[in-house]
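From a predicted model like this one, the values you see are computed outputs, not experimental measurements.
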Amino acid sequence: MASLGRLIGVGCNYLPAAASIKQMPLRLCCKLHGSTQPKMGRIQTVKRKPNLTEKQLSKYFVDEREVLVCGGLGADGACCFHSEPEKERGGPDGGNGGSGGHVIFQVDVNTRSLVGLPSICRAHDGQSGKAANCHGRNGQNFIVKVPAGTFVQENDELVVSLEEHGVQWVAARGGAGGLGNHAFLCNELRAPLSATPGRKGQERHLLLELRVMANAGLVGLPNAGKSTLLGTISKARPAVGAYPFTTLRPHVGVITFQDHSQVSVADLPGIIKDAHLGRGLGLSFLRHIERCKCLLFTIDLSASDPLHQLSQLRTELAKYRPELAHRPQMIIGTKLDMTCARMAAKQLYSCLDQLDSKGSAARITK
C-alpha cells in the first residue's frame, strides 16, 4: 500500500491486479481509476407520527362550524355589432355572459370532521360575453366535502340532513349571466343597444353540525368507565385515564360477531348536571346522542348511590329531547372489581322494577 501511494503521488498510470483492487479502500480505487468518490446514500429512518393525546385530537375534530356560502357572480352580456369589409351593417353579435358557479356540499365517507371546512365558501364567477356571438364561460362550482351525519341549519331551523355517501346539496346558487344585445334582436328592433348585467350570487349564513351515527351509544357521567368498556368490546382505542373528562370527542367502535354482522358503539363524552342548559359542553355532547338508535347507560358501581346516577342521566336526556326517553335502553354496571361495587349492584337490581325501563340490565365483569 505504501508503494501504491508513491505511484499515485508521481502520477503513474499503473493499475494493480483485480485481486488487489478488492482489498483496497474505496477512496483509493477511485483515485486510481481517475473518478471521484461516489456519494454513499444515508440510511433514512422512517419517522412515525407521535401518538396524540385526547386534547390534541380534539383540535383536529370539529363538529360545529359557521360558514358563509356565496354563489358566483354572473357575468355581463356584451353589446357590440358585427363589422367586416363590404358588410357595414352586420347586425348585433354580442354574446351572453356566463353564469356563476354553485356552492355544493357533497357527503364523503372519508371525511371525519368539519376541520377542513373553510369559513367562507365562494364559487367562481362567470366570464363576460364577447363579440361574434361568443358566450362567456360559466363559473366553476365549489364542491365542499362534508362527513356523513352533517346537519345544516339556517336561522335556527333545520334545512337539510346529509347522511348518505355521494349525496350533493346546493348550498348557494350562482347568479345568472347577463344577455348580450343579440338576444334583443327582433323585427321591430334591428339594432339593439342594450345588454343586461349579470346577477349576484346567493349568499347564506349556515350552521353545520356533525352528529355521530351509531347503533348504540354509551351514556354516563364523567369517569364512569365508558372508554374502557369500548376498548374491551371493540378494536377502538380511546384515551383512558383515572380522571374525569378523558374523552373530549366521540369515538366509534365496531363489534364483529361470528356471523359477520357488525354493530357500531359510540363512546360519548360524560354528561354533567344541567347539561341540557348548556353547562360546560353539554349541548355539544348531547346532540351526538340523537343519532344513536339504542342508549347504553353506564353506571359506576364504585360510586355512591348508583340509582341517583341513572335518574340524573335520564333527567338530562328528557329535558334535552323528550323523545330520547322512548328509545331502547340498557343499563350497564362497571367497576365491579372495586370495593362495595357488588353491594351497589344488588341495590340497583332491586330498584330496576320501579323504573320505567324498556331495556334490560346487564352486568359487565372484567
Side-chain angles (χ1 to χ4, degrees), residues 48-49 51-52 54 56-69 101-123 140-154 158-173 204 206-219 226-227 229-231 233-239 247-269 281 283-296 327-328:
R48 297 182 178 180
K49 294 183 179 180
N51 296 327
L52 301 178
E54 185 69 20
Q56 293 174 344
L57 286 174
S58 62
K59 298 179 181 179
Y60 303 100
F61 184 85
V62 178
D63 55 359
E64 183 179 4
R65 173 154 292 188
E66 295 183 1
V67 295
L68 173 64
V69 290
H102 307 317
V103 179
I104 301 176
F105 289 166
Q106 181 178 357
V107 180
D108 184 18
V109 294
N110 296 324
T111 305
R112 304 296 182 183
S113 172
L114 299 176
V115 64
L117 189 67
S119 59
I120 300 177
C121 303
R122 189 183 304 274
Q140 187 177 2
N141 297 332
F142 187 80
I143 299 179
V144 182
K145 294 184 178 181
V146 296
T150 302
F151 286 70
V152 182
Q153 298 181 7
E154 184 179 13
L158 180 63
V159 180
V160 66
S161 59
L162 306 175
E163 301 181 5
E164 298 181 1
H165 174 68
V167 174
Q168 293 184 348
W169 177 70
V170 180
R173 297 187 176 274
R204 305 174 68 179
L206 302 177
L207 175 63
L208 275 66
E209 291 185 356
L210 174 60
R211 301 176 184 178
V212 177
M213 180 174 56
N215 298 111
L218 296 174
V219 182
K226 302 182 296 296
S227 301
L229 177 61
L230 182 64
I233 61 180
S234 67
K235 294 184 179 180
R237 292 296 176 265
T247 302
L248 298 179
R249 67 182 184 92
H251 293 271
V252 179
V254 178
I255 306 174
T256 304
F257 297 94
Q258 295 181 356
D259 57 350
H260 303 287
S261 60
Q262 295 181 344
V263 175
S264 57
V265 181
D267 174 22
L268 306 176
L281 297 176
L283 294 179
S284 61
F285 293 167
L286 287 172
R287 68 166 171 262
H288 295 288
I289 304 178
E290 300 180 26
R291 304 280 293 170
C292 299
K293 301 178 181 179
C294 178
L295 304 181
L296 307 179
R327 295 190 181 181

Does Leu218 reach the side chain of Val265, with side-chain heavy atoms less than 4.5 Å apart?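 They are in side-chain contact.
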
Counterpart residues, side chain to side chain donor-acceptor pair (under 3.5 Å), relative to [X] (two or more places apart):
{"X": "Thr111", "result": "Asp108"}
{"X": "Asn141", "result": "none"}
{"X": "Gln153", "result": "none"}
{"X": "Asp259", "result": "Ser261"}

For residues [X] and [Y], report the shortest heavy-atom separation together with the two atoms involved.
{"X": "Phe142", "Y": "Cys121", "answer": "CE2-CB, 3.7 Å"}
{"X": "Phe151", "Y": "Glu163", "answer": "CZ-OE2, 4.4 Å"}
{"X": "Pro147", "Y": "Leu210", "answer": "CG-CD1, 3.7 Å"}
{"X": "Arg327", "Y": "Cys292", "answer": "NH1-O, 2.6 Å"}

What pairs with [X] under side-chain contact (heavy atoms from CB on, under 4.5 Å), at least two apart in sequence or on another chain?
{"X": "Glu66", "answer": "Leu207"}
{"X": "Val170", "answer": "His102, Ile104, Arg173"}
{"X": "Arg204", "answer": "Val69, Glu154, Val159, Trp169, Gln202, Leu206"}

Are any side-chain N or O atoms of Ser234 and backbone N or O atoms of Ile255, one a donor and one an acceptor, separated by less than 3.5 Å?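 Not confirmed, Ser234 side chain does not pair with Ile255 backbone.
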
Nearest 0.5 Å please: distance from the [atom1] atom of [X] over to the [atom2] atom of [Y].
{"X": "Asp267", "Y": "Lys226", "atom1": "CG", "atom2": "NZ", "value": "6.5 Å"}
{"X": "Leu68", "Y": "Arg122", "atom1": "CG", "atom2": "CZ", "value": "6.5 Å"}
{"X": "Gln106", "Y": "Lys145", "atom1": "CD", "atom2": "NZ", "value": "6.5 Å"}

